[in-house]
Amino acid sequence: MIKPIELVIFDCDGVLVDSERIAARVQVALGAELGWPLTEDEVVDRFIGRSHAAIHEQVAAQLGPDTAAVWSERFEQLHREAVDAELAPVDGLPEALDALTLPTCVASSGSHDKMRHTLGRTGLYDRFAGRIYSASEVSRGKPAPDLFLHAAQQMGVDPEACVVVEDSQPGVHAARAAGMRSFGYSGGLTSAERLDGRDTIVFHDMRELPNLIAERRVGQAPVVKD
């Protein structure tokens, strides 16, 4: 018998705030500008859900450390400008949060500064203040389980009693590695096929989340898919 759900752990980018489309657009533009042409699908596969350090390593391996430093600096500038101009919460997210009764927290590959900015711009920061965890706090980012295990420990909840809401393949892999059930949000850039797998429920509309969690809250066996 699996443990009842006690904590919902949200990713930030693409789950709380609709920022992954902005990030992908900026990464594609930077690749064209700096000598590594990438399609949006390639950006999703390589970068989405991964930490700043992991992305920097990939760019450095492809273009060298000096260009990687320029890439990182330009990304921070262009991403911040676009966030200030157009960022909004993920469609249906405020309603989903209003309907949830379980404790929640955030565990993101992004830095605390980035989350203060994006969550602050969308009016979501106060909903999670004091319960926000970053990959900068652990030694390994997603798809390793470290960040989710850290969040569960800080919240005082057993990993088996946690569920993770993710929109990236590294994120759902991290949840599985942590021994947590997950809900894969396919309403963003990552396809349902990339999110599907063991202990994962894939859904497309954020408004569905409270009912999906409620249906699985009390000791129900996880959905296992090949």
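None of these values were measured; they are calculated from a predicted model.
Tracing side-chain contacts under 4.5 Å through hydrophobic residues (I, L, V, M, F, W, Y), one never reaches Val44 starting from Leu78; they form parts of separate clusters. Cluster annotation: Val90 is connected to Phe183 through the hydrophobic network of ILVMFWY side chains, with a link wherever side-chain heavy atoms come within less than 4.5 Å. By the criterion of side-chain heavy atoms lying less than 4.5 angstrom apart, applied directly or through intervening Ile, Leu, Val, Met, Phe, Trp or Tyr residues, Leu7 is not grouped with Leu209; the two fall into different hydrophobic clusters. Cluster membership for Ile9 and Ile5, using ILVMFWY side-chain heavy atoms within less than 4.5 angstrom, is not shared.
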For residues 59-67, which side-chain N or O atoms pair as donor and acceptor with protein atoms under 3.5 Å away, sequence neighbours left out?
none

Identify all side-chain donor-acceptor contacts of residues 47-57 below 3.5 Å with residues at least two apart in sequence or on another chain.
unit_1: Arg50; atom_1: NE; unit_2: Arg46; atom_2: O; d: 3.2
unit_1: Ser51; atom_1: OG; unit_2: Ala54; atom_2: N; d: 3.1
unit_1: His56; atom_1: ND1; unit_2: Ser72; atom_2: OG; d: 3.0

Identify each donor-acceptor pair in which a side-chain atom of residues 128-136 lies under 3.5 Å from a protein atom, sequence neighbours left out, and give them as a table.
unit_1: Arg131; atom_1: NE; unit_2: Thr104; atom_2: O; d: 2.6
unit_1: Arg131; atom_1: NH2; unit_2: Thr104; atom_2: OG1; d: 3.2
unit_1: Arg131; atom_1: NH2; unit_2: Arg127; atom_2: O; d: 2.7
unit_1: Ser134; atom_1: OG; unit_2: Gly110; atom_2: O; d: 2.7
unit_1: Ser134; atom_1: OG; unit_2: Ser136; atom_2: N; d: 3.0
unit_1: Ser134; atom_1: OG; unit_2: Ser136; atom_2: OG; d: 3.0

Per-pair distances, 0.1 Å, donor-acceptor, side chain in residues 154-163, under 3.5 Å, sequence neighbours excluded:
unit_1: Asp158; atom_1: OD1; unit_2: Glu160; atom_2: N; d: 2.8
unit_1: Asp158; atom_1: OD2; unit_2: Lys3; atom_2: NZ; d: 3.0

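With rounding to the nearest 0.5 angstrom, the CG atom of Leu124 is 6.0 Å from the CG atom of Leu93. Taking CG from Asn211 and CZ from Arg216, the interatomic distance works out to 10.5 Å, rounded to the nearest 0.5 Å. A distance of 5.5 Å separates CZ of Arg116 from OH of Tyr125, quoted to the nearest 0.5 Å. Remark: Asp167 CG to Leu189 CG distance equals 8.0 Å, nearest 0.5 Å. Here the CG-CE distance, from Asp13 to Met115, works out to 8.5 Å after rounding to the nearest 0.5 Å. Summarising the geometry, atom CD belonging to Glu208 is positioned 6.0 Å from atom CG belonging to Leu212; distances are rounded to the nearest 0.5 Å.
Qualifying salt bridge (charged side-chain N to carboxylate O under 4.0 Å, His left out) partners for Asp45, counting only residues two or more places apart in sequence or in other chains: none. Looking at residues two or more places apart in sequence or on another chain, you find a side chain to side chain contact (heavy atoms under 4.5 Å, CB included) between Ala174 and Lys142, Phe148.
In this structure, Lys114 and His79 have side chains that are in contact, with non-hydrogen atoms separated by less than 4.5 Å. Within the 4.5 Å cutoff, the side chain of Cys12 has heavy atoms near those of the Thr118 side chain. At a threshold of 4.5 Å between non-hydrogen side-chain atoms, the residues Tyr185 and Val202 do not count as touching.
For the pair Arg121 and Glu86, the salt-bridge criterion is not met [side-chain N within less than 4.0 Å of a carboxylate O]. Here Arg140 pairs with Asp146 in a salt bridge; the nearest charged N to carboxylate O distance falls below 4.0 Å.
Of the candidates Val83, Leu87, Ile22, Leu87 is the only one forming a side chain to side chain contact (heavy atoms under 4.5 Å, CB included) with Val17.
Judged by distance alone, the side chain of Glu42 and the main-chain N or O of Thr39 form a donor-acceptor pair under 3.5 Å. Remark: side-chain polar atoms of Arg181 are not paired, donor with acceptor, to backbone N or O of Val164 under 3.5 angstrom. The backbone N or O of Arg194 sits less than 3.5 Å from a side-chain atom of Gln169, completing a donor-acceptor pair. Side-chain N or O atoms of Thr190 include none that pairs as donor or acceptor with a backbone N or O of Ser186 at under 3.5 Å.
For the residue pair Asp11 and Ser109, the shortest heavy atom distance occurs at OD1-N, 4.5 Å. Pairing each heavy atom of Leu16 with each of Val106, the nearest pair is CD1-CG2, 3.6 Å. Leu100 approaches Pro210 most closely through the heavy-atom pair CD2-CA, 4.0 Å. Summarising the geometry of Val8 relative to Ile213, their closest heavy-atom pair is CG2-CD1, 3.9 Å, with the distance given to 0.1 Å. The two residues Thr200 and Gly184 have their closest heavy-atom pair at CG2-N, 3.9 Å. Between Arg21 and Gly188 the shortest heavy-atom distance is NH2-CA, 3.8 Å.
Using a 3.5 Å distance cut-off with no hydrogens or angles, the side chains of Trp71 and Glu33 do not pair a donor with an acceptor.
Surrounding NE2 of His112 are more than 12 heavy atoms belonging to other residues, nucleotides or ligands, all under 6.0 Å away.
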